[in-house]
**Q** 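My structure is below; once you've seen it, I'll send some questions.
Protein chains get the first letters and strands the later ones, always in sequence-line order, with residue 1 at the start of each.
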There are 2 protein chains.
Amino acid sequence: MEGDVSKKAYFIEKGCIRLWYNNNGKDITFQFFFENEGVSSFESFNTGQPSLFTMEAIEPCVLQWIHKDDFDAVLREEPLIKEDFYKVIAERQMKYMHHFLSFLKDTPKQRYANLLKEKPHIIKRVPLQYIASYLGITPVSLSRIRKII
Amino acid sequence: MEGDVSKKAYFIEKGCIRLWYNNNGKDITFQFFFENEGVSSFESFNTGQPSLFTMEAIEPCVLQWIHKDDFDAVLREEPLIKEDFYKVIAERQMKYMHHFLSFLKDTPKQRYANLLKEKPHIIKRVPLQYIASYLGITPVSLSRIRKII
DNA sequence: GCTGTCAATTAACAATTGTAAAGAAATGTA
DNA sequence: TACATTTCTTTACAATTGTTAATTGACAGC
């Protein structure tokens with residue numbers, strides 16, 4: 001929850017979660033997570049600072065979770081798992097980088113077309129209003145784009 | 001250099017470097033780096049994959065550099081340094097997240113105003129054409145925004 | 001079936017941004 | 001200084017996006 005310190009990390013067995021940011025009452029979707037992905041308000045989970053984001057299930061979910069204290073203990077005691085964890089972090093950073101880059105180089109129309117091509121499951125499973133803010137546009141604008149693509 | 005595999009990481013003692021992406025001949029500035037910051041085409045440096053980005057000095061620079069092989073050896077042998085390195089990575093990830101978030105929640109005008117407030121050194125030292133693409137807009141649009149702020 | 005609620009689309013208009021071209025300002029070089 | 005080159009700004013117009021409000025569609029509960 002926004003403002004709270006995130007003490008848990010989750011693994012999604014079934015369902016879909018969105019991470020959103022409260023921008024003066026208007027929520028902005030930052031990321032989606034699906035089956036077999038790990039989720040946390042990571043900046044909070046990692047640093048212990050209050051989270052900017054709120055996690056919210058947009059489908060009924062089956063989750064596994066681990067408390068940060070236990071997680072930290074595992075990282076301390078299992079250097080190989082720690083390695084893997086850092087690799088996951090690095091991979092996620094790469095994905096963010098590419099997603100971000102698309103905001104610099106592509107138009108909203110191109111971003112939607114890319115999403116449709118690269119991650120059609122998102123468009124199938126997520127309400128369009130969330131996809132709109134994920135793409136940095138309004139639902140009205142997304143509707144117009146969908147009409148011509 | 002774009003397409004090359006990055007084998008070096010740099011530390012900037014003096015000067016300024018920009019990291020840019022070649023988008024069909026038009027270059028798009030992804031990030032700026034200044035004194036006392038580490039730079040690399042990190043996604044390439046980390047993964048060994050060809051880089052999407054090109055590093056370019058936009059001021060005369062004094063740099064220190066380390067070859068990836070030596071860097072990896074240090075990380076292997078000095079777990080404390082490895083810890084610190086991952087912390088730097090995590091901090092950078094946080095910064096990206098905030099920068100990216102501003103593309104979702106702010107207008108170009110607000111992004112420029114934020115930059116002026118939070119990182120005036122960038123505006124002082126970097127040619128405006130690079131700042132424009134860094135903000136995701138054209139130089140013409142940046143010029144209009146500057147006129148009214 | 002009917003109704004209420006929320007999501008998505010459509011329409012009309014305002015505001016912003018992009019594009020292309022021209023002009024002004026700054027910088028570098030002989 | 002004079003000239004060339006590059007950067008930045010300005011202008012005019014086209015295209016896109018945001019805003020507000022109305023309409024349509026989907027769905028749950030009665």
**Q** So, do Tyr10(B) and Phe33(B) have ring centers that fall under 6.0 Å from each other?
**A** no
**Q** I'd like to know if the side chain of Ser133(A) reaches the main chain of Thr29(A), judged simply by a donor and an acceptor atom lying under 3.5 Å from each other, with no hydrogens or angles considered.
**A** yes
**Q** Nearest 0.5 Å, what's the CG-CD distance between Asp27(B) and Gln129(B)?
**A**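 Interatomic distance, Asp27(B) CG to Gln129(B) CD, rounded to 0.5 Å: 7.5 Å.
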**Q** For the helix from dG1(C)-dC30(D) to dA30(C)-dT1(D), figure out the bend between the end axes, five pairs an end, and round to 10 degrees.
**A** 40°
**Q** Any salt bridge between Asp72(A) and Arg76(A), counting N to O under 4.0 Å?
**A** no
**Q** Going by number, which of residues 137-149 of chain B have a non-hydrogen atom under 4.0 Å from DNA chain D?
**A** Val140(B), Ser143(B), Arg144(B), Arg146(B), Lys147(B)
**Q** ring-ring contact (aromatic ring centres under 6.0 Å, His included) with Phe103(B): which residues, sequence neighbours excluded?
**A** Phe100(A), His99(B)
**Q** Should the pair Phe32(A) and Tyr134(A) be assigned to parallel (<30°), tilted (30 to 60°) or perpendicular (>60°) ring geometry?
**A**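 Because their plane-to-plane angle lies in the 30° to 60° range, the rings of Phe32(A) and Tyr134(A) count as tilted.
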**Q** To the nearest 0.5 Å, what is the distance between CD (Glu35(B)) and NE2 (His121(B))?
**A** 9.0 Å
**Q** Mind running a 4.0 Å heavy-atom check of residues 103-132 of chain A against DNA chain C and sending the residues that fall below it, in number order?
**A** Pro127(A), Leu128(A), Gln129(A)
**Q** Using only atom types and a distance under 3.5 Å, with no angle test, would you say the side chain of Glu56(B) pairs donor to acceptor with the backbone of Ile17(B)?
**A**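 No, the answer is negative, given that no donor and acceptor are paired below the 3.5 Å cut-off.
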**Q** Just verifying a value: how many Å separate Arg146(B) CZ and Ile123(B) CD1, rounded to the nearest 0.5 Å?
**A**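 Between atom CZ of Arg146(B) and atom CD1 of Ile123(B) there are 7.0 Å.
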**Q** Please identify the 5'-most and 3'-most nucleotides of DNA chain D with any atom under 4.0 angstrom from a heavy atom of chain A.
**A** dT16(D) to dT20(D)
**Q** Is the distance between the ring centroids of Phe53(B) and Phe30(B) under 6.0 Å?
**A**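 That pair passes the under 6.0 Å test.
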**Q** Between Arg92(B) and Glu37(B), does at least one N-O distance fall below 4.0 Å, as a salt bridge requires?
**A** no
**Q** Glu78(A): what forms a side-chain contact (heavy atoms from CB on, under 4.5 Å) with it, not counting sequence neighbours?
**A**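 Only Val74(A), Ile81(A) meet the side-chain contact (heavy atoms from CB on, under 4.5 Å) criterion with Glu78(A).
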